[in-house]
Amino acid sequence: MRPQQALRVIITGASSGIGAALARHYAASGATLGLIARRRPALERLAAELGAPSEIYSLDVRDTAALAVAARDFIHRHGCPDLVVANAGVSLGTLTEHSEDIEAFQEVLDINVMGMVKVFQPFVNSMRQRRSGTLVGIASVAGYRGLPGAAAYSASKSAAISYLESLRVELHGSGIKVLTICPGYVATPMTRNNPYPMPFMMSTDTAAAKIVTLIARGTTFAVIPWQMGIVARVLRVLPNWVYDRLFANAPHKPRRGG
């Protein structure tokens with residue numbers, strides 16, 4: 001990876017939350033940015049605020065063709081990126097018993113898992129040819145165990161963790177690094193309406209600063225903050241009968257329209 005002040009960085013989900021905070025951190029270091037999100041006005045406001053070279057791409061990470069066009073455009077203008085952060089994600093309360101939630105399941109899995117695949121894919125060959133680059137996937141501690149009322153989100157983040165590990169091994173020796181970052185609770189619109197305690201809550205700036213540090217170190221897998229990592233590891237090794245009793249009556253994330 002080149003010196004940080006000269007980085008070329010692609011960030012999805014850049015219009016708010018962790019994505020916008022990451023953009024601010026990298027812009028302050030002189031990076032050239034490719035900002036991807038669905039809301040163009042929010043991207044334009046962010047780009048104007050950053051005062052750094054920025055390309056904005058208003059698109060949905062489910063749109064394979066649009067992502068391919070954006071990737072070609074950024075590479076044509078600035079060269080192959082040094083860093084691609086797949087941060088775009090959604091969290092919706094879901095219950096399998098409701099047929100109307102099937103659409104929500106599909107949306108969460110398409111954005112949180114396939115969106116990550118579609119974001120990385122257009123850059124891999126260019127990074128291979130250059131024999132350098134870093135792909136970062138923002139997963140979640142929710143991928144460690146299934147949370148009641150959040151089956152789609154937990155499943156998507158578990159799948160993301162496994163996908164990123166597979167990708168890391170596939171690209172071993174290519175010069176491309178693959179990093180998996182699992183944040184705990186971060187104060188974003190996604191967590192605003194959660195009706196349950198959220199221990200070790202981080203601000204977006206705190207989360208972004210930790211992520212930037214982990215990327216610079218080349219850490220292949222990390223949970224932030226470290227306290228949530230301990231909680232996640234404990235939950236993972238709990239016997240099912242203990243876990244079930246602890247979480248069976250836990251409050252659920254609100255369903256869409258529920």
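Each residue takes its place number in the sequence, starting with 1.
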- Message: Is the shortest side-chain heavy-atom distance between L135 and M127 below 4.5 Å?
- Response: yes
- Query: Under 4.5 Å between side-chain heavy atoms, hopping through other hydrophobics if needed: is there a path connecting W226 to M201?
  - Reply: no
- Message: Looking at every heavy atom in both A14 and L46, which two are closest together, and how far apart are they?
- Response: O-CD2, 3.1 Å
- Heavy atoms of other groups near E103 CD, more than 12 under 6.0 Å: no
- Any donor-acceptor N/O pair, S158 side chain to A155 backbone, under 3.5 Å: no
- Message: If hydrophobic clusters are built from ILVMFWY residues whose side chains come within less than 4.5 Å, do L171 and V85 share one?
- Response: no
- side chain to side chain contact (heavy atoms under 4.5 Å, CB included) evaluation trace for R128 with V124: CA-CA 6 Å; R128 270 192 184 277; V124 172; 4.2 Å; yes
- Would you check if Y57 and L67 make a side-chain contact, meaning some heavy-atom pair closer than 4.5 Å? no
- Query: Going through the distances and angles, do L95 and H252 end up as a side chain to side chain contact (heavy atoms under 4.5 Å, CB included)?
  - Reply: CA-CA 9 Å; L95 291 173; H252 291 182; 3.9 Å; yes
- Query: If we only count heavy atoms from C-beta on, is the H25 to I211 side-chain gap below 4.5 Å?
  - Reply: no
- Taking C-beta and beyond as the side chain, do I111 and R62 meet within less than 4.5 Å on heavy atoms? yes
- Task: Could you grab the distance from atom CD1 of I138 to atom CD1 of I224, nearest 0.5 Å is fine?
- Result: 7.0 Å
- Verdict with supporting geometry, K210 and M202, side chain to side chain contact (heavy atoms under 4.5 Å, CB included): CA-CA 10 Å; K210 291 180 183 296; M202 297 176 289; 4.0 Å; yes
- Heavy-atom side-chain contact between I215 and Y26 under 4.5 Å: yes
- Message: Please determine whether side-chain hydrogen bond (donor to acceptor under 3.5 Å, both in side chains) holds for the pair R217 and T219, giving the CA-CA distance in whole Å, both sets of side-chain angles, and the decisive distance to 0.1 Å.
- Response: CA-CA 5 Å; R217 289 177 182 167; T219 305; 5.3 Å; no
- Item | Atom pair CZ/CG of R8 and L33 - distance to nearest 0.5 Å | 12.5 Å
- Heavy-atom closest contact (L147 atom, A142 atom, distance): CD1-CB, 4.0 Å
- Query: Charged N to carboxylate O below 4.0 Å: is that the case for D110 and K118?
  - Reply: no
- Assign the ring pair F120 / Y163 to parallel, tilted or perpendicular, where the plane angle (0 to 90°) is split at 30° and 60°. parallel
- Query: K177 versus T220: any side-chain heavy-atom pair under 4.5 Å?
  - Reply: no
- If two hydrophobic side chains count as joined below 4.5 Å and joins carry through other members, does V136 share a cluster with V178? no
- Separation between CG of L167 and CD of Q121, rounded to the nearest 0.5 Å: 11.0 Å
- F221 side chain reached by I161 side chain, heavy atoms, under 4.5 Å: yes
- Message: With a 3.5 Å distance limit and no angle check, can you tell me whether R131 reaches the backbone of G173 through a side-chain donor-acceptor pair?
- Response: yes
- Correct closest heavy-atom pair for P225 and G184 would be CD-N, 4.5 Å
- Message: Are more than 12 heavy atoms, taken from residues, nucleotides or ligands other than H98, located less than 6.0 Å from that residue's NE2 atom?
- Response: yes
- Item | Side chain R255, main chain D101, donor-acceptor under 3.5 Å | no
- Query: Measuring from E100:CD to T94:OG1, what's the distance to the nearest 0.5 Å?
  - Reply: 11.5 Å
- Item | Joint cluster assignment, L50 & L7, ILVMFWY side-chain distance < 4.5 Å | yes
- Task: Might you work through the side chain to side chain contact (heavy atoms under 4.5 Å, CB included) test for L22 and V212, ending with a clear yes or no?
- Result: CA-CA 7 Å; L22 285 171; V212 168; 3.9 Å; yes
- Query: Rounded to the nearest 0.5 Å, how far does CD of E107 lie from CG of N112?
  - Reply: 9.0 Å
- Task: Compare all side-chain heavy atoms of M116 with those of L164 and state whether any distance is below 4.5 angstrom.
- Result: yes
- What's the spacing between N87 CG and S16 OG if we round to 0.5 Å? 8.5 Å
- Identify the heavy atoms of R130 and P81 that sit nearest to each other, and give their distance. NH2-O, 3.0 Å
- State plainly whether one hydrophobic cluster holds both I10 and V69, where clusters connect Ile, Leu, Val, Met, Phe, Trp and Tyr through side-chain heavy atoms under 4.5 angstrom apart. no
- Message: Please find the pair of heavy atoms, one from I18 and one from P183, that lie closest to each other, and give the distance.
- Response: CD1-CG, 4.4 Å
- Item | Residue pair L59 / A70: nearest heavy atoms and the distance that separates them | CD2-CB, 3.9 Å
